[in-house]
Number of protein chains: 2
Amino acid sequence: MTTTSDSTKKTTSAPAEKYRRYLQMLKKAGLRLTPQRMAICAYLAHTERHPSAYQVYEELAATHPGISRATVYNTLNTLRELGAIVELSFGSDHTHYETNTQPHVNLICLRCHKIIDYYGDPGVDALMERVRQETGFQSVAVKLDLVGFCAECRLQRLDEIRAMLKTAAQDKFPQTRNSKEEIV
Amino acid sequence: MTTTSDSTKKTTSAPAEKYRRYLQMLKKAGLRLTPQRMAICAYLAHTERHPSAYQVYEELAATHPGISRATVYNTLNTLRELGAIVELSFGSDHTHYETNTQPHVNLICLRCHKIIDYYGDPGVDALMERVRQETGFQSVAVKLDLVGFCAECRLQRLDEIRAMLKTAAQDKFPQTRNSKEEIV
DNA sequence: GCCGTAAATTAGATTGGTTCTAAATATAAA
DNA sequence: TTTATATTTAGAACCAATCTAATTTACGGC
Ligand SMILES: [Mn+2]
Ligand SMILES: [Mn+2]
Ligand SMILES: [Zn+2]
Ligand SMILES: [Zn+2]
């Protein structure tokens, strides 16, 4: 029996369902369903982006005044430990989270830091099963990230390189190190 | 012509070659080959692990007294921007780096934080090409991580769950949050 | 080989996202 | 209700990473 019976491929990522799944995972772990945890789960269930812990706190604080940093960070860590959400990494200094559990590929632009969800089965299910049989490693989640340059940035990049060549001598390297922008 | 002409599948990951490749990338970017940068590249070329920036600094400081944090962090950031190394993320609080450029899968254990390199082509080349054609996204590097539990930890985990059930009431959740160990 | 200059390194201060702490509060069982 | 335990909160503390200003170095040109 294969685990992937794709007969009923209903939208398992609808916010409401995602929300219920989060709560269920917390409950199963023996944790209490407090208003704060529910608010955090609701936020994660409804976002289409890849928010950082700090973003989750800031945006929740706006609608839920009084919620504390500690609670948000603890809950995010708990959800990560439970495998409900997955930590993402790229150049940014913040920790970002993946809340989309549908198997997909993250296209992470090195220039604008945009993250595009790409669907197009790369045979991830088969890979997970093969790994389990060959190594005994039991996968909980897959992180498949392609790091590179998005279509727009490819063009922008050409302009930048041209400009760089013109200015020649000085400014050999763009040095966008200190950029704090977070287009996620 | 396909890019993967596997007739001459020589060991492209031999430390010496890896080292030369790092230096070449720095040079190509118009950066100077200082003793410090060479030491850092040598360290990265020879490690079989997935070291954190802090680890690189600490271990280099032992053999190269006087090397500064700033230099190590700046060089690692530069190498990341050049695509020579790739940032990894998992539960740990430090930033870790992938120095293995051979296409492979990282098996990241959620329990012991061990990272196992797994080879077994999941069709990554094909995926990169498909993505480029369909979305215009130009991939520079692939990060394919399976997050879960390694063979040993799966067994340990069963024991832990059994113990947890026995102790019942108290200690419902292991709470290994504060663990600072870094088995990487 | 020496010079001149931009690049790089260094020690130390600073930053800021995250974690820790102890007191207050909420939850659920008895 | 009472009691025990879990959770939240505000703010302090932490510390990996970054920044800064002064010093040193690398390297092309002579
Ligand atoms: Mn995604
Ligand atoms: Mn690896
Ligand atoms: Zn972009
Ligand atoms: Zn393990």
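Just so you know, these numbers use all the heavy atoms, side chains as well, and skip hydrogens, waters and symmetry mates. Residue numbers begin at 1 in each chain, while the letters A, B, ... track the order of the sequences. None of these values were measured; they are calculated from a predicted model.
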Problem set entry | Closest non-hydrogen atom pair, A:Gly83 against A:Met25 | C-CE, 4.3 Å
Exercise. How close or far is atom C1' of D:dA17 from atom OH of A:Tyr54, stated in whole angstroms?
Worked result: 17 Å
Problem set entry | Contacting residues from residues 60-69 of chain A, given that a heavy atom lies under 4.0 angstrom of DNA chain D | A:Gly66, A:Ile67, A:Ser68, A:Arg69
Problem set entry | A:Leu31 CG to D:dA6 P, straight-line distance once rounded to whole Å | 10 Å
For this session: Starting at CG of A:Leu31, measure out to CZ of A:Arg37 and round the result to the nearest 0.5 Å.
Result: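 Here the interatomic distance stands at 5.0 Å.
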Problem set entry | Least distance between heavy atoms, B:Tyr19 atom then B:Ala45 atom |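 Heavy atoms of B:Tyr19 and B:Ala45 come nearest at N-CB, 3.6 Å.
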For this session: Report the distance from atom OH of A:Tyr97 to atom P of C:dT18, rounded to the nearest whole Å.
Result: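 After rounding, the reported distance stands at 7 Å.
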Exercise. Rounded to the nearest 0.5 Å, how far does CD of B:Glu134 lie from CD of B:Glu129?
Worked result: 10.0 Å
Exercise. Can you tell me how far P of D:dA16 sits from NE2 of A:His94, to the nearest Å?
Worked result: 18 Å
Problem set entry | Below 4.0 Å: OP1/OP2 of C:dT18 and any side-chain N or O of A:Thr95 | yes
Problem set entry | Contact summary for B:Asn77 and B:Arg80, nearest pair of heavy atoms |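 That would be OD1-NH2, 2.8 Å.
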For this session: Mind checking the CD-OG1 spacing from B:Gln36 to B:Thr71? Nearest 0.5 Å is all I need.
Result: 6.0 Å
For this session: Could you check which residues of residues 33-42 of chain A get a heavy atom under 4.0 Å from DNA chain C? Sort them by number, please.
Result: A:Pro35
Exercise. For B:Glu48, does the CD atom have more than 12 heavy-atom neighbours from other residues, nucleotides or ligands under 6.0 Å away?
Worked result: no
Problem set entry | Heavy-atom closest contact (A:Arg49 atom, A:Thr99 atom, distance) | O-OG1, 4.4 Å
Exercise. What pair of heavy atoms forms the shortest contact from A:His50 to A:Ile115, and how long is it?
Worked result: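 The pair with the smallest heavy-atom distance is CE1-CG2, 3.5 Å.
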Exercise. Any side-chain donor-acceptor pair under 3.5 Å between B:Glu59 and B:Tyr43?
Worked result: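 Judged by distance alone, the side chains do pair up.
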For this session: Using five base pairs at each end, measure the axis-to-axis angle across the helix from C:dG1-D:dC30 to C:dA30-D:dT1 and round it to 10 degrees.
Result: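 One end axis against the other gives 50°.
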Problem set entry | Length of the line joining A:Tyr73:OH and D:dT8:C1', which is rounded to integer Å |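 Taking atom C1' of D:dT8 as the reference, OH of A:Tyr73 is at 16 Å.
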Seminar exercise, completed: Rounded to whole Å, the CG-P distance (B:Leu76 to C:dT9) equals 12 Å
Problem set entry | Side-chain N or O of B:Asn74 closer than 4.0 Å to phosphate OP1/OP2 of C:dT9 |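 No, because none of the side-chain N or O atoms of B:Asn74 sits under 4.0 Å from OP1 or OP2 of C:dT9.
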Exercise. Tell me: CG of B:Leu26 to P of D:dA26, nearest whole Å?
Worked result: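 From B:Leu26 CG to D:dA26 P: 15 Å.
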Exercise. Just how far, in rounded Å, is P of C:dT18 from CD of A:Gln55?
Worked result: 10 Å
Seminar exercise, completed: Testing C:dA8, C:dA28, C:dT19 for proximity to the side chain of B:Arg32, the answer is C:dA8
For this session: State, to 0.1 Å, how close A:Ala84 and A:Arg21 come at their nearest heavy-atom pair, and which atoms those are.
Result: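 Minimum heavy-atom separation between A:Ala84 and A:Arg21: O-NH2, 4.5 Å.
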